[in-house]
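This report refers to the structure that appears directly beneath it.
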Amino acid sequence: KNEVEQSPQNLTAQEGEFITINCSYSVGISALHWLQQHPGGGIVSLFMLSSGKKKHGRLIATINIQEKHSSLHITASHPRDSAVYICAAFRYSGGGADGLTFGKGTHLIIQP
Amino acid sequence: DSGVTQTPKHLITATGQRVTLRCSPRSGDLSVYWYQQSLDQGLQFLIQYYNGEERAKGNILERFSAQQFPDLHSELNLSSLELGDSALYFCASSVGGQTSTDTQYFGPGTRLTVL
């Protein structure tokens, strides 16, 4: 079982819909990252969270440390939001920093 | 444009060969991270360097090695290549060395095809 699980794997929605992508992790973490990968392959870091909630434009990310769960929300979705959204958890192990562990990604398509 | 450059964009080579991927971080960034993205495994963290020193190690094979030079550019060396090494290789950079707090800026990637 992957340490970081995302759902859904694929999501198709109509323009204007409210989108939620979920991320669950099975280990204690120091931080959680949300990334966006465009159809051309480029990757952009959207958020880093260690607690609470962050907002940037139409994007909102939340994390519940006790439940080991994070969500990424997109309000008033637009076709340009079509991309793969990836969550990644960061933790320290006994041997030091481990780097990021990635989910498999959620492939989002917003239809006009 | 993230400010991180990677060369080459595409690389096609044969099994058993050795290749070098190059990454130049954003101006002022001290950390360089290397990632591998394959169709079956998704994104995997390989290794991080901070100001010339190895900071963290992930799922990097023994056939792979990396280094960061005094001018802060980094190279990822892949040797004894296998078909399964075919993937997109990304590097990212950040100002500091803390994955938990630093925003990472990703390069465009190098697509490696091993035939």
Side-chain angles (χ1 to χ4, degrees), chain A residues 1-7 9-10 21 23 25 27-52 54 56 59 61 63 65 70 83-107, chain B residues 1-6 9-10 23 25-26 29 31-50 53-60 64 66 76 87-113:
Chain A
K1 186 178 188 292
N2 199 21
E3 289 182 343
V4 179
E5 297 278 352
Q6 284 187 241
S7 63
Q9 279 189 303
N10 298 284
I21 298 169
C23 177
Y25 48 93
V27 295
I29 66 168
S30 302
L32 188 123
H33 294 237
W34 281 100
L35 308 173
Q36 179 192 54
Q37 185 166 26
H38 298 290
I43 296 176
V44 174
S45 177
L46 297 175
F47 294 104
M48 276 183 303
L49 295 163
S50 55
S51 64
K54 286 190 176 180
H56 181 68
L59 300 177
I63 189 167
I65 298 293
S70 176
V84 177
Y85 293 84
I86 303 167
C87 76
F90 174 75
R91 67 188 177 103
Y92 283 101
S93 72
D98 272 354
L100 293 173
T101 300
F102 295 87
K104 297 287 190 192
T106 294
H107 188 191
Chain B
D1 184 357
S2 67
V4 178
T5 60
Q6 287 187 249
K9 277 191 175 179
H10 302 276
C23 170
R26 292 187 324 151
D29 284 0
S31 267
V32 171
Y33 308 78
W34 284 100
Y35 299 97
Q36 179 194 58
Q37 186 177 38
S38 60
L39 280 174
D40 54 341
Q41 297 283 338
L43 267 167
Q44 291 193 90
F45 166 68
L46 296 179
I47 198 163
Q48 177 198 358
Y49 278 84
Y50 175 73
E53 300 287 328
E54 183 183 305
R55 174 62 67 97
K57 209 165 188 174
N59 299 319
I60 188 165
F64 296 1
L76 179 66
L88 258 175
Y89 291 84
F90 288 99
C91 91
S93 72
S94 67
V95 171
Q98 300 298 323
T99 305
S100 58
T101 57
D102 294 340
T103 297
Q104 294 185 27
Y105 298 86
F106 285 78
T110 292
R111 184 172 294 280
L112 173 66
T113 302

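Within every chain, numbering begins at 1; the chains are lettered A, B, ... in the order of the sequence lines, protein sequences first and strands thereafter.
Heavy atoms closer than 4.5 Å to chain A are found nowhere in Tyr105(B), neither backbone nor side chain. Using a 4.5 Å cut-off between heavy atoms, Asp40(B) contacts chain A through its backbone alone, with no side-chain atom that close. Of the two parts of Ser2(B), neither the backbone nor the side chain holds a non-hydrogen atom closer than 4.5 Å to a non-hydrogen atom of chain A. For Leu32(A), no part lies under 4.5 angstrom from a heavy atom of chain B. Gln44(B) touches chain A through its backbone: at least one of N, CA, C or O sits under 4.5 Å from a heavy atom, while the side chain does not.
Here the closest heavy-atom approach between residue Gln41(B) and residue Lys104(A) is recorded as O-NZ, 3.5 Å.
Atom OG1 of Thr101(A) is separated from atom CG of Leu43(B) by 11.5 Å, given to the nearest 0.5 angstrom. Rounding to the nearest 0.5 Å places CD1 of Ile43(A) at 10.0 Å from CD of Gln104(B). Here the CG-OH distance, from Leu35(A) to Tyr35(B), works out to 8.0 Å after rounding to the nearest 0.5 Å.
In the displayed structure, Arg111(B) atom CZ is contacted under 6.0 Å by at most 12 heavy atoms of other residues, nucleotides or ligands.
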